[in-house]
Amino acid sequence: MPSRWLERPLVANAIVAGSLIVVALAAFWRVFNGTATFFLRDLLTTHIPAFALFDRLRYSVLNPAWSQGAPWSGNPNLLVYYPTIHQAGFVSVHILLHLAIGFAGMAVFTRRALGVSREGALLSGILYIGSGYVLSSASFLNAVTTIAWVPWLLFASDERAIERMWLRIIACTIAIVLLVLGGEPTLAVMAICVCVARLAVVNRRALAGFASSLALAAALLAPLGVLVWKAGSDSARAVTGYTFDETMRASLHPARLLEIVTPFIFGRPDRMVHGAWWGFMVSRNAPPYIYSLSWSVLALLMIVFSSQSTRESRFWLVAAIAGLVLACGGYLPGAETAYKALPHVWRYPIKFAFMTVIAGSLLAGKALDSTLASKRQKRRSVSLWFAVFSAIFAAVGGFCLRSPTAAAEPLIARWWDDSWRNNAAAVVGPLVRGGGWHLLMLSGLGALCFIILRRDGAWRSTAIVLLIIAETVSSAAPLFPTVDTATVARPSPFVQRALGLGLIYERAGKDLDAVRRGLNGRYPADEAQWMAVAQARQAWATTGSMFGVRYAFNHDPDGSYPERIDYVSDLLNQRSWPERLKWLRAAGVRGVITYDPASLGDGYDCVAKEAEYGVPAFLCAIREPLPEIRRSSHVVAVNDRIEAAVGVEDSSCDPADCTVIEGGLSLAGSADANVHASVLSDTGDRIEVVTNGSTPAVLFIARAYQKHASAIVNGKPATTFPADIAFTAVPVPAGKVDVVVVW
């Protein structure tokens, strides 16, 4: 029986808070002292490079290092305008800081607005930031940043939390601004809609103040909104959108709800082969957007078996169910029709599961209070259910450990594709064994809950919260793989050689599907950190940009890059290396990264190799590369991009002096041996060039064409045209000419 001092609320809360601090310090001490960094998915390939580039680009509209001018400050995903420290080493601390902000916000909201106990408030905060959804979102810096401020928006909008309307308006405005600056618009809009719906159900009087906050926040964010619209109007996302099949890939397959009980039944992100993600049949042949949907089984049982009939509880119960239903997206009847009507809302249906996470966390706090405040007979009835499920978990967990192959066979038969190269048992077996141990742990925790609920005393709530902390922490570690900071912070000789070349073309993606590719290359161990090392040493995707490597034709499945660049990227992917050569020379590309140099053919010279980790990569320089900015006197006029592709590939068009223009501009100037173009300045969104020639021509600029770009030639406004499908051309007269192009 606990001693009396454990009955004191201050002591009990200190134990819970201390446990969280100890767990955080023990798990992430090397992150706090800077010797390790989180690297999963977008962190190493997008956010860390973006932070590293901030000092150079600042608030430029476009980023000249990525894909010939991708949006920079106009891309909300990069958090350029978010009030944070824009240093690459701060990204991991940023994540931990915002998980703490989210925890505090949820705890304060449930305590002040919903009136739950301190222990219930702590439980809500723990379940919120400890959910698989939120922890998986930590690999997308914009998502975890937005998620951190959602509870604070709920808090700021509630009359019981903030009585004075003018204070609520100010607090809500700040919360909305931070939500939007966080850079995840879908989650931000979802949070605002949930907040409005809750006020409409629970407290309609507060709606007027919230509407004022929305209007004020919209006014404050208007300049950024214009910038985002301007930068994104030519992106693939805005021009072509998503197909319904792509939406299906980002829908929640109902089978993934198994992850609530066994968090990594379909794979874990910290392994490349043994236990790696294999459930491609439940993610439509694509890596999952959310790696884990784990949530506390103990808290779920409390919610199910503790009756809650208040208006607030009913609202959150409906929100939880609605979130799961909408997350299934493409699997719902009539989904394709709905998608066509609301393409951007349904782009990532699984994001709607965030509503379920919010609602479940709040309901759990209330359920804890309801369970412990109920009569002894009711508590004993609930405790029996814990005992029943404890026995079930023990039986299933024991079977998984005793016969992992037999347990895996039904899963493999339903969701495994025989065309994948790895041995199914080698991949699924570790997951089944891990699931078995997890179920046995749940059995033990459930048995302890059974004992606690049958006792009296204020210490019970603290004990249950500690048990749920243990359950939550057990499934959190694989979602936070780290790598030594020094390993990825220094440019390798391969990267240094790429820096010397200039604009680089490569087709490596930001995710390594090791299950289907097999464990190719050399890795010291079957751990995902070595993938990060290979990425950094080989300058995969945009990773090299933190060192200053510039890339051409990045392929972005999210559609953030210019649509014309995406179009040419897809076109190049359909051609062999020899056929790509002309396109690459025309775009001013000076080198390529490949894993098969023998396929390049003539026109390339391999100058560097990186084979220490991963699949050996080769850096090959293009012979006789062309400058990215040049004067062209031979102009072929076409009507559209299809004709432009034919024109570029025509044998009579030499990219050294031939440019294909959409828009009716045609020049048949004679060869000019004295052409000259010198770049006076080149920033992310402004280029100033002086050029000279004896005949009228166009100035070709290997920067993505944007409709909103403006040009000035010899002090007078000029028109810009799409050149070679994706780039920018400005007509110039004979003689010496000063040209300025602004995006």
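In this structure, Phe480 has its ring center closer than 6.0 angstrom to the ring center of Phe38. Remark: aromatic rings of Phe266 and Phe280 are distant, center separation not under 6.0 Å.
Atom CH2 of Trp530 sits about 14.0 Å away from atom CD of Gln535, to the nearest 0.5 Å. Distance check: Ile147 CD1 to Met106 CE gives 10.5 Å after rounding to the nearest 0.5 Å. With rounding to the nearest 0.5 angstrom, the CZ atom of Phe386 is 5.0 Å from the CG atom of Leu301. Considering CG of Leu252 and OH of Tyr133, their distance stands at 10.5 Å, rounded to 0.5 Å. Distance check, rounded to the nearest 0.5 Å: CD1 of Ile303 to OG of Ser370 gives 11.0 Å. Expressed to the nearest 0.5 Å, how far CG of Leu372 lies from CG of Leu453 amounts to 6.5 Å.
In this structure, the side chains of Ile464 and Ser461 stay at 4.5 Å or more apart for every pair of heavy atoms. Considering only heavy atoms from C-beta on, Arg380 stays 4.5 Å or farther from Lys375 through its side chain. In this structure, the side chains of Trp316 and Lys366 stay at 4.5 Å or more apart for every pair of heavy atoms. At least one side-chain heavy atom of Val31 sits less than 4.5 Å from a side-chain heavy atom of Leu96.
Met302 approaches Ala364 most closely through the heavy-atom pair CE-O, 4.5 Å. The nearest pair of heavy atoms linking Ile260 to Leu293 is CG1-O, 3.6 Å. Listed here is the closest heavy atom pair of Glu119 and Val465: O-CG2, 3.7 Å. Between Tyr289 and Lys351, the closest heavy-atom pair is OH-CE, 3.4 Å. Nearest heavy-atom pair, Leu135 versus Ala476, reported as atom, atom and distance to 0.1 Å: CD1-CB, 3.5 Å. Of all non-hydrogen atoms in Ser475 and His438, the two that sit nearest each other are CB-CE1, 4.5 Å.
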Can Arg537 and Glu612 be said to form a salt bridge (Lys or Arg N to Asp or Glu O under 4.0 Å), step by step?
CA-CA 9 Å; Arg537 294 185 67 87; Glu612 185 172 356; 3.0 Å; yes
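With 3.5 Å as the limit, one finds no donor-acceptor pair spanning the side chains of Ser139 and Asp42. With no hydrogens or angles considered, no side-chain donor-acceptor pair links Ser136 and Ser292 at under 3.5 Å. Defined by atom type and a distance below 3.5 Å, a donor-acceptor pair is present between the side-chain atoms of Thr37 and Ser92. A donor-acceptor contact closer than 3.5 angstrom is absent between the side chains of His253 and Ser283. Counted by atom type alone, Arg454 and Ser383 present one or more donor-acceptor pairs between their side chains at under 3.5 Å.
A parallel orientation is assigned to the rings of Trp385 and Phe305, their planes being inclined by less than 30° (bins at 30° and 60°).
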Pairs under 3.5 angstrom only: tabulate donor-acceptor contacts from the side chains of residues 356-363 to other protein residues two or more places apart or in another chain.
{"residue": "Thr356", "atom": "OG1", "partner": "Ala320", "partner atom": "O", "Å": "2.8"}
{"residue": "Thr356", "atom": "OG1", "partner": "Leu324", "partner atom": "N", "Å": "3.1"}
{"residue": "Ser361", "atom": "OG", "partner": "Tyr128", "partner atom": "N", "Å": "3.3"}
{"residue": "Ser361", "atom": "OG", "partner": "Val357", "partner atom": "O", "Å": "2.7"}

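Judged by distance alone, the side chain of Thr145 and the main-chain N or O of Leu141 form a donor-acceptor pair under 3.5 Å. No donor-acceptor pair under 3.5 Å is formed between the side chain of Asp369 and the backbone N or O of Val116. Of the possible donor and acceptor atoms, one in the side chain of Ser474 sits under 3.5 Å from a partner among the backbone N and O of Glu471. One N or O on the side chain of Arg379 and one on the backbone of Ser374 form a donor-acceptor pair closer than 3.5 Å. Under the 3.5 Å distance criterion, the side-chain polar atoms of Arg268 are left unmatched by any main-chain donor or acceptor of Trp277. Looking at Asp526, its side chain does come within 3.5 Å of a backbone N or O of Met272 through a donor-acceptor pair. Listed for the Ser294 side chain is no donor-acceptor partner under 3.5 Å among the backbone atoms of Pro263. Of the possible donor and acceptor atoms, one in the side chain of Gln538 sits under 3.5 Å from a partner among the backbone N and O of Val615. Checking side-chain atoms of Thr487 against main-chain N and O of Val533 turns up no donor-acceptor pair under 3.5 Å. Ser251 contributes a side-chain N or O that, together with a main-chain N or O of Gly330, makes up a donor-acceptor pair within less than 3.5 Å.
Of the listed residues (Phe140, Tyr348, Phe354), just one forms a side chain to side chain contact (heavy atoms under 4.5 Å, CB included) with Leu187, and that residue is Phe354.
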